[in-house]
Amino acid sequence: MQNPFGNQNDNQDFLRNVPVPPNYAKVINDAGDIRIAKVGISWTTFWFGPLPAVFRGDWYNFALMLVWDAIYVLFALTFHFSALLTFPWPAVVFTFFYNMMYFRHLFTKGYRPMDQRSKALLVQSKYLKEK
């Protein structure tokens, strides 16, 4: 995460001690980059579709959501199921899975839980396999 204060201080120590709600987890990589995100249902994905992935810089899952949205629209138009287009079914599906997909993608990029509380939350939610 970049420094939101714009004071040219790239020290990320302020993120290490930020209090987070009980359903949020902190992950860190070897370079010291810290990500804080919610564990559970992604209501922002339900209301705004793939935009939360853009705001997180999660281009992989953003592209995946766009492809699934395009397949959904093409399917509905090809088989004349225009009634399907009245409700965003792909957004409903991604509502339940996006946060898990985000964390698992971070884990493949080398991130790991920052503290024991985050690790316990991620293991309990089955986002991370217990080793």
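Heavy-atom basis, side chains included; hydrogens, waters and symmetry copies ignored.
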Inset, instruction - For side chain to side chain contact (heavy atoms under 4.5 Å, CB included), just list the numbers for Phe62 and Arg56, CA-CA rounded to whole Å, side-chain angles, deciding distance to a tenth of an Å, and then say yes or no. - result: CA-CA 10 Å; Phe62 172 71; Arg56 289 179 175 179; over 6 Å; no
Inset, instruction - Go through the steps for Phe87 and Val92 under the test side chain to side chain contact (heavy atoms under 4.5 Å, CB included), then give the verdict. - result: CA-CA 9 Å; Phe87 193 77; Val92 172; 3.4 Å; yes
Inset, instruction - Please step through side chain to side chain contact (heavy atoms under 4.5 Å, CB included) for the pair Asp30 and Arg112, ending with a clear verdict. - result: CA-CA 9 Å; Asp30 292 333; Arg112 62 189 181 284; 3.0 Å; yes
Inset, instruction - Determine, step by step, whether Phe94 and Trp68 satisfy the side chain to side chain contact (heavy atoms under 4.5 Å, CB included) criterion, reporting the C-alpha distance in whole Å, the side-chain angles of both residues, the deciding distance to 0.1 Å, and the verdict. - result: CA-CA 10 Å; Phe94 282 112; Trp68 276 107; 3.9 Å; yes
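Closest approach of Pro22 and Leu121 over heavy atoms only: O-CD2, 3.5 Å. Scanning all heavy atoms of the two residues, the minimum distance from Asn29 to Asp33 falls at OD1-N, 2.8 Å. Residues Met65 and Gly49 approach most closely at SD-O, 4.1 Å, considering heavy atoms. For the residue pair Val20 and Arg117, the shortest heavy atom distance occurs at CG2-NH2, 2.9 Å.
Hydrophobic clustering of Ile, Leu, Val, Met, Phe, Trp and Tyr side chains at less than 4.5 Å, counting indirect connections, keeps Ile71 apart from Tyr60. The cluster map of Ile, Leu, Val, Met, Phe, Trp and Tyr, joined by side-chain heavy atoms under 4.5 Å apart, puts Leu74 and Leu66 in different clusters.
Contact of the Leu77 side chain with the Phe75 side chain is not registered, since no non-hydrogen atoms from C-beta on lie closer than 4.5 Å. No side-chain heavy atom of Phe97 sits less than 4.5 Å from a side-chain heavy atom of Thr45. Side-chain atoms of Ser118 and Val27, non-hydrogen and from C-beta on, never get closer than 4.5 Å to each other. You'll find the side chain of Trp59 reaches within 4.5 Å of the side chain of Val54, heavy atoms only.
To the nearest 0.5 angstrom, Ile28 atom CD1 is 10.0 Å from Lys26 atom NZ. To the nearest 0.5 Å, atoms CG (Leu84) and OH (Tyr72) are separated by 4.5 Å. For the atom pair Tyr98 OH and Thr95 OG1, the distance stands at 12.0 Å (nearest 0.5 Å). The CE atom of Met101 sits 10.0 Å away from the OG atom of Ser42 when rounded to the nearest 0.5 Å.
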Validation: residues 102-109 side-chain donor-acceptor distances under 3.5 Å, sequence neighbours left out:
unit_1: Arg104; atom_1: NE; unit_2: Tyr127; atom_2: O; d: 3.4
unit_1: Arg104; atom_1: NH2; unit_2: Lys126; atom_2: O; d: 2.7
unit_1: Thr108; atom_1: OG1; unit_2: His105; atom_2: O; d: 2.6

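Exactly one residue among Asp58, Asn99, Asn61, Thr44 makes a side chain to side chain contact (heavy atoms under 4.5 Å, CB included) with Pro52. That residue is Thr44.
For the pair Ser125 (side chain) and Leu122 (backbone), a donor-acceptor distance under 3.5 Å is absent.
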